[in-house]
Structure formats: C-alpha cells, structure tokens
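The structure under discussion appears below in the form of structure tokens.
What's counted below: heavy atoms across the whole structure, side chains too, no hydrogens, waters or symmetry copies.
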Amino acid sequence: MANPSQPSELTWRGIMIGALITVVFTASNVYLGLRVGLTIATSIPAAVISMAVLRLLGGGTILENNLVQTQASAAGTLSCVFASLPALVMAGVWQHFPFALTALLVAAGGMTGVLFTIPLRRVMLADPALPFPEGVAAAEILRAGAAREDRGAIRALMHGGVLAAVMTFATTGLRVLGDGMTATAVWGVSAFRLSLGFSPALLGAGYLVGLEGGIAMLTGAVMTWEIIVPVMAHVQPNPAGLPAGAFATSLWKDKARFIGVGLIGIAAIWTVLRMGRPLLASVRALLERTQGDTHAARTETDLSPRAMRAVAGIVLVVVGGLFFVFAHPYVPALSALVAAIAGLACCAGVGLFVAAACGYMAGLVGSSSSPISGVIILAAMCLSCVFVMLRLLGLFAGADGQHFAIGFCLYVLTAITASAAIANDNLQDLKTGRLVGATPWKQEAVLLIGCLTGAVIIPPVLNVLYQTYGFVGAMPRAGMDATHALAAPQPALLLLITSGIFLHQLDWNMLLLGVGTGCLLIGIDAGLRRTGRGALPPLAVGVGIYLPMSVSLTLAIGAILGHVITRLTAGAGSHQGTMIASGLIVGESLTGVVLASLSALSGRDSPLSLLPAGMNAPLADWAGLGAFCALCAWFCAMQLRRNRR
C-alpha cells in the first residue's frame, strides 16, 4: 500500500506521458545521428517537457516529473543504435530492418544496460570525482520547478535557457551566426590548428564538469593538434596531394583519433579495475539482499534480486534466440549455436566493461560529451577478434562464412551499443534521482519500460529513413537520387573497422601508441593525486584527443570560467552558476530537438536557413564569436553581481 505521506512517484499517467515524449526524441535522434553523426542528450529536455506537461495537468510532483524524464531519456538514448544497425544494410546482410529482430534486440540490449547500471549506481554516484553535470542540471531544473518560491533560481535558469535558445536558433536554424571558428597555421607540410565552438550547452557543461576534467580534455586536444598531427604530417605520405590543412584533418580522422581510442581503452580498463573492489561489494550486497528486506532506506532500494534475475533470464533467452535465428540461415545449426553462445559471452563480458567505461565517462564530462562511439569502436575490435579466432577454428569457412561473421559481429555489436548508450545516459538520471530523493527501484523499472517503448519506435523510423533517403553506399532502389542520401558516418566506420580486421587491413600502430600514452598518463595522474597537486584524468585526455578540438576547447573554457568565478566569489555564486549553466544546456537541447524534428519533417538539413545552401559567410563566423564572447561575459557578470548583493 502506498504511503499517504509520500508524494506520488510512479503513476500510469507518468508512464503514458513518458511514452509520448519518447516518440519525438527517438525519431529526432535517429535522423540527426544518421545525417551528421551526432545525437542530443535527452535527460534535460525530457525533464523540462515533463515538468511543463504535468503542471498543465495539475498535481504533478518532483518525483513524478523525475520518473517521466527518466523513462523518456532512456528511450531517446536508445536511438544510439543508429551507429551499428545501418551497417548491416551497408554490408548487404539485410535489405531492410526486420521489425521483430530489430526491436527485440534493441530492447534486450537496453535492458541489459539497465541491469549493469544497478551495481554501478552505488559505486559511481558516491564517487566525488564524478560530477555528473547533466544529472545535476536536471535535478536543479526539477527543484526549481517544484519550489516556485525560489524566484532567483528560476530567473537564472530562464535567462540562461532563453539566451541559449536564441543563440542556437540563430546558429543552427537561421544560420546567421557561425557555430565555430578555426585558425590554422601552416609550416611546411604541417598544420597547427586552434578551433573553438560557440555552443552554449558545452559552455554550461564545462562549468559543471569542473577544472580537472576541462584541463585534461584541453591537454588532449593540444597534444593532438599541436604535436601529434604535425609530426604525423612529416612521416605519413600524402598521395592525394591535399593542402596542409585538409591533410591534417584527414590524419586526425583516420590516424590520430585511434590514439584517443587506444588511450580511452586502457584508461577505461584501469578505471574498471580501480572500481573492481567496490563494484564487487555492490553486486554482493544486491545478491544478499532479500525481497522482504526493510532495513534499506527508500532512497537506496534497488530492484529486488528476484526481479533482476527474472529480467536477466528473459534477456538471456531472447538475445540467445535472436543470435541463433540471425545465424542459422547463413551457417549450419551447430555453427549457429556456437556463434550464439560466443555472442552471449561477449554481451556479458564486453558489455559490462563498455557500460562501466561509458558510465564513468558520462559522469566525468557529461553524456553529450562522452565519446561513446570511441568505446563502441573498441567493442567492435574485441568482437571482431573473437570471431576471427572462431573462423581460424574452421567454424565460418569460405567467403560466405566471412560475410556472415562480419554481419553477425555487427549484430552483436548492436546489443552492446544499446547497453552502452543506456549506461552512458541513465547514470545521469539516477544521479538526478538521488539529488531529488527518488526511489531507485522505481527509476530502474521505468528505465526498463523506456527501453521497450524506444525499441518499438526505432525499426519503423529506420525503415522510413532508409526507404526515403537511403544511406551513402547503400540505396534501397536503383535510380534513387544519391545526393540526398544520409551520410551514416558511424555505421560506415564500424563496417570499415570490422571488415578491416577480418581482411587484415587495420592499422594497429595508432591504437598501441594510445595504449602506451595511456599507461604514461595513468602514472602521472597517480603521482599528482598522491602529492595533492590536482589530477589529470587519463580518460578525459583520451576524450580530448578523440573529440573535435572545438568541443574540447569550449568545455575547457566553461571549466576555467567556473573555477575563476568560484575563486572570486569564494563559492557564494555556485548555486547561481549551476542554474545558469543548466539553463544554457536546456535552451540549446530543446531548440536542437525542435530543429531536428523540422529537419526530419522537411527532409532538409536547415529548412529555416536565411543563407543560400553552400554559401560561405565569414561575417557570420565573426558574429558568432562576438555572441559567444558576450555570452561568457554575461555569464560571469551575473554571478559576480549576485555575489555583491
């Protein structure tokens, strides 16, 4: 029986509202991901929309708001499977996206991620080194909506949100402001680059990330563009005769980023090993707790072990059956059974590692900036190596066997991608829940519901986009206009890596260089922490190498501004700064969802653009720089003025 003194939390209307919000977020993110390779973090927009809808309906509580945004963000995040599923069509394994096979696999993969995050919640949410910026921002939004008397906090949130929305609309919608500037200095065959993005959300996220994470990402970006890429330009051939700037970009995309992948991999392994003891203790506590245990506080009560075992059993049977069904048309039953068992083992082993790594990175730099694609690349390499070994044992012989192995590897990777995406985003939701006093098991339950609702939407969205536009290199019908085909950059990259491993065409030198660099940085970070001189998180350095410099530099600026303001105000303006930063993230995120929906409906990248397609407007770039500098100045002035009062 419900406690009458306990505010309503898990309600049927909340579940229905969350399912409806899911449709918008999932469709928008799938389209945006296939068009430009980026998605929008959904936790904060979901929190704002759920708060507005429940306020209109009346009687909504902060806990009910939290569960609505938890469900909607889970479903929207699940759209990250766009990174692997289209590769099956590009490889010629599928001619379309079968509804049952796709929906069940995505749902089961996402639910696996939910199960992985339950023990991770206890370990990571208690780690003071992980700020979980978007989880904190969402909690501040929910609190501001619940405590209407806190007019100052609400005004700060609204001011930040409106400014970010206006700037994003002018940049991404109207295209009258540039979204970033790049300065390149050429010396011989080398190019040195400095690139800054004008994203309000990244500025706010950097403020919430903190100085150590921001400086570490800046270190990675500077290492890449001022040392690694210029040195590579001297030792790597340039057969196409590209200009120095274009050659530097190609070196970063094809070579230097894989140093970041290797660094992220070794740093993630070190992080998981360092968390090993508390993680095992958390798992042991979950297994020892009985369903009737009443000693745990409501805010520390996870799903019961019986429920977790039931969900795990269902997922195990479903995933194993899906793997067998996928494999059986291509190989004999015995080989299909071996492949299914190997796939299950990879989902359990590689999936847990990937979930832990993505969850930690999301806690460190936020879900939007977490390089989940880098971790998925590592997972693709691990899976490919597993199936290469099985192929050497004679299970998948011949050209047909090799074609099947590549396709099956991508299929298994979809389940792991869903698991990683859920862990990447949902630990932010659980952090929000901890800050607002939510019940963890109820959040975990709606996360499972979110996985189911998102999985139902993804296959038809993928089919519609494929049949309407096609993918670069994979058109559904002969004679279609390929100029409007979706680029699908991540699926193309994963297919290239997977087939490259099977065909022995992948360059491992960059990965090994990243591993060596990561080992060195782990030692430096340990020394700094031991002497009390700060920290240099290796994972954040790898993120700085992997992500574009425009992202890393903007995050670093937000982190440095936050540190300077905190020192000047002696910490008095931290709450005001958090609300403004949250508003910046909210404004850009919501505007991004609206613009992505308009793009999906119109079939054009920028249907509201005031400039002709392809027109280069340097004036817009300078205007964007001016607007960004003004935003930074306003951000600082608001907090300093508040401190003087």
Side-chain angles (χ1 to χ4, degrees), residues 30 74-75 78-116 309-352 354-355 376 379-380 382-384 386-387 390 395-396 401 403-422 448-463 491 494-495 498:
V30 170
L78 207 59
S79 60
C80 285
V81 295
F82 80 85
S84 57
L85 274 173
L88 290 166
V89 174
M90 294 177 172
V93 178
W94 279 354
Q95 303 305 314
H96 68 289
F97 299 95
F99 179 81
L101 282 179
T102 304
L104 287 173
L105 183 67
V106 171
M111 294 169 79
T112 303
V114 175
L115 295 178
F116 286 154
R309 285 194 294 268
V311 173
I314 293 172
V315 169
L316 188 70
V317 171
V318 169
V319 173
L322 289 171
F323 287 167
F324 184 83
V325 169
F326 181 92
H328 190 44
Y330 301 97
V331 294
L334 180 59
S335 295
L337 181 61
V338 173
I341 295 172
L344 282 173
C346 289
C347 285
V350 178
L352 177 59
V354 167
I376 296 303
C382 293
L383 289 175
S384 299
V386 169
F387 288 103
L390 292 177
L395 291 175
F396 314 123
H403 182 69
F404 155 73
I406 293 173
F408 189 74
C409 180
L410 293 168
Y411 192 64
V412 176
L413 188 63
T414 298
I416 295 177
T417 301
S419 177
I422 289 296
L448 295 172
I449 295 172
C451 291
L452 291 173
T453 54
V456 170
I457 296 167
I458 288 171
V461 170
L462 284 172
N463 272 318
L494 290 179
L495 178 59
T498 305

Nearest 0.5 Å, please: how far is [atom2] in [Y] from [atom1] in [X]?
X: Arg309; Y: Ile314; atom1: CZ; atom2: CD1; result: 13.5 Å
X: Leu115; Y: Leu448; atom1: CG; atom2: CG; result: 6.5 Å
X: Phe326; Y: Leu88; atom1: CZ; atom2: CG; result: 5.5 Å

Search all heavy atoms of [X] against all heavy atoms of [Y] and return the closest pair with its distance.
X: Ala415; Y: Cys347; result: CB-SG, 4.0 Å
X: Val315; Y: Ala108; result: CG1-O, 3.7 Å
X: Val412; Y: Cys346; result: CG1-CB, 4.5 Å
X: Ala342; Y: Phe387; result: CB-CE2, 4.4 Å

Do [X] and [Y] touch side chain to side chain, with heavy atoms closer than 4.5 Å?
X: Val89; Y: His96; result: no
X: Ile458; Y: Leu462; result: yes
X: Phe408; Y: Val93; result: no

Please name all residues satisfying side-chain contact (heavy atoms from CB on, under 4.5 Å) with [X], sequence neighbours left out, ordered by chain then number.
X: Pro460; result: Phe99
X: Ala107; result: Leu452, Ala455
X: Thr498; result: Ala380, Ser384, Ile406, Cys409, Leu410, Phe502
X: Leu316; result: Leu344

Point to revise | Contact list for residues 103-114, test side-chain hydrogen bond (donor to acceptor under 3.5 Å, both in side chains), sequence neighbours left out | key: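 Matches after skipping sequence neighbours: none remain.
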
Review point. So which pairs with a foot in residues 411-422 pass side-chain hydrogen bond (donor to acceptor under 3.5 Å, both in side chains), sequence neighbours left out?
Key: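 Counting only pairs at least two positions apart or across chains, the side-chain hydrogen bond (donor to acceptor under 3.5 Å, both in side chains) contacts touching residues 411-422 are Ser84-Thr414.
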
